[in-house]
**Student:** 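Here it is, the structure, as structure tokens.
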Amino acid sequence: MSYPQIHLKRGKAESLRRYHPWVFSGAIHSLPRNMEEGQLVEVFDDEGRYLATGHWQIGSIAVRVLTFRQQDITRDFWLRRIRQAYLVRQTLGLIRPDNNAYRLVHGEGDRLPGLVVDMYADTAVVQAHSVGMHLERQTIAEVLCEVTGVHNIYYKSETTLPFKADLHQQNGFLIGGAPGLETVATENGLRFNIDWLRGQKTGFFVDQRDNRSLVEHYSRGRRVLNMFCYTGGFSVYALRGDAACVHSVDSSAKAVELVNANVALNFPSDPRHEAFCEDAFKFLEHIPEGKDAYDLIILDPPAFAKHKDALRNALKGYTRLNAVAFQKIAPGGILFTFSCSQAVNKEQFRLAVFTAAAMSGRHVRILHQLHQPADHPVNIYHPEGEYLKGLVLQVE
Ligand code: SAH
């Protein structure tokens, strides 16, 4: 099979030779007329040497590379890539009877740019971020069933596909979806209701799994405050870790319903837990100091900076938020603080938290430096894939 050919400008092939999986539109010298968004293309340098094959799309990232070896992109190609991703999760020990929630495909990290797949019990939730992946959705769905043995494939790309591509895609099942299907998934033996229909992202934040385990480890006897709790992942782990009490806070009423339901699923009528529907900054203003102060606080806010231009305000936001926690946390308390903004790097985040700590004047030790888990791998040639960072701090 031969695909339409794109030729790069002189001197623009270097990043592809270093296996970076994107071609920016500014690097393109020529492309055929009448290209359809999402179609497969082959990329060549200015001297006609083959570089890569990928999906073409209108926008600043013009090509998302699927392979650097000239080949046909057939059903077998998808099968090999998805099987490889599955093998990695098996190697990681994530596919177990007591753990059936995990990320199976993490875009560039799994050499499938534009594709995200999260697994929840007998359902895979698929998100396409590129038109190319959208066009392949049915093949991908079939291959997912073949590789993993699940029976339901839910496609949730309404908000992740480029708006300008005018695809008018609606969320829905590509395969299965019969009434009564299992919507509870298990993570490290804890059970969670997964609402892929209405929930954020694919319904659950699987990327905090390892960090939740660390919260469990530190929770014994502590008064825990879980800010921006969403489905309450951290809260449920803290309860299992024998926390003295756990307070969950989110400004969304739906999130408060979700956290209460997830706590009930694991620790029915546990008096140690209470959830509050309130703005985080308002709530923090009124939290107790002194002997009733919280001694484990989790700050896991939504991405404050979705784009580079919002960076300055985002950093201020992180500083402001963390400053209150440093001010109010009990002596010897432990602060888990996160940023999931891809636009904020590790050093910038650390500087924001450092500034907040200095404002409180307290002595602070960094105990752990956290990041996304291994089922959200970073392609070594694509450092942009690193997004989640966190610090665990002991505040004297
Ligand atoms: N910690 C969660 C994920 C957090 S997602 C987990 O482990 O799953 C971010 C959450 O912050 C969302 O549920 C959103 O409703 C909530 N949120 C956004 N702005 C907020 C604010 N100003 N105050 C409180 N919650 C807020």
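First listed ligand is number 1; within each ligand, the first listed atom is number 1.
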**Student:** In the protein, what heavy atom is nearest to atom 4 (C) of ligand 1, and what distance, to one decimal place, separates them?
**Tutor:** F228 O, 3.2 Å

**Student:** Looking only at non-hydrogen atoms, which of Q200, K282, Q208 approaches atom 12 (C) of ligand 1 most closely?
**Tutor:**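 Going through Q200, K282, Q208 one by one, Q200 has the nearest heavy atom to atom 12 (C) of ligand 1.
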
**Student:** Which residue and non-hydrogen atom of the protein lie closest to atom 20 (C) of ligand 1, and at what distance in Å?
**Tutor:**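 Ranking protein heavy atoms by distance from atom 20 (C) of ligand 1, first comes S251 OG, 3.3 Å.
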
**Student:** Under a plain distance cut-off of 3.5 Å, with no hydrogens placed, do R350 and N345 share a side-chain donor-acceptor pair?
**Tutor:** no

**Student:** What protein heavy atom sits nearest atom 18 (C) of ligand 1, and how far away is it?
**Tutor:** P302 CG, 3.5 Å

**Student:** Would you mind checking which non-hydrogen protein atom is closest to atom 1 (N) of ligand 1, with the distance to 0.1 Å?
**Tutor:** D300 OD2, 2.7 Å

**Student:** Going by distance alone, is a donor N or O of one side chain under 3.5 Å from an acceptor N or O of the other, for W22 and E108?
**Tutor:**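 Yes, side-chain donor-acceptor contact under 3.5 Å.
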
**Student:** Looking at Y102, does the NZ or CZ of R209 lie under 6.0 angstrom from its six-membered ring centre and within 45 degrees of the ring axis?
**Tutor:** no

**Student:** Just going by heavy-atom distances, which of R212, K201, E278 is nearest to atom 8 (O) of ligand 1?
**Tutor:**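 That would be R212.
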
**Student:** Ring pair (Phe, Tyr, Trp, His ring centres under 6.0 Å) with F234: which of F228, F336, F205, F338?
**Tutor:**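 Answer after filtering F228, F336, F205, F338: F338.
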
**Student:** What residue and heavy atom of the protein are closest to atom 22 (N) of ligand 1, and at what distance?
**Tutor:**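 For this ligand atom, the closest protein heavy atom is D279 OD1, 2.8 Å.
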
**Student:** Please state which part of F234 comes within less than 4.0 Å of ligand 1, counting heavy atoms only: side chain, backbone, both or neither.
**Tutor:**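 Contact part for F234 vs ligand 1: side chain (C-beta onward).
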
**Student:** Is a side-chain donor-acceptor pair under 3.5 Å present for Y237 with E187?
**Tutor:** yes

**Student:** For S252, is the nearest heavy atom under 4.0 Å from an atom of ligand 1?
**Tutor:**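 S252: in contact with ligand 1 (<4.0 Å).
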
**Student:** For the residue pair T319 and T355, confirm or rule out a side-chain donor-acceptor distance under 3.5 Å.
**Tutor:** no

**Student:** Within the structure, does N226 bring an N/O atom to less than 3.5 angstrom of an N/O atom in ligand 1?
**Tutor:**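 Looking only at distances, the answer is no, because the N/O contact criterion of under 3.5 Å is not met.
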
**Student:** What is the nearest protein non-hydrogen atom to atom 15 (O) of ligand 1, stated with its residue, atom name and distance?
**Tutor:**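 Ranked first by proximity to atom 15 (O) of ligand 1 is D250 OD1, 2.6 Å.
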
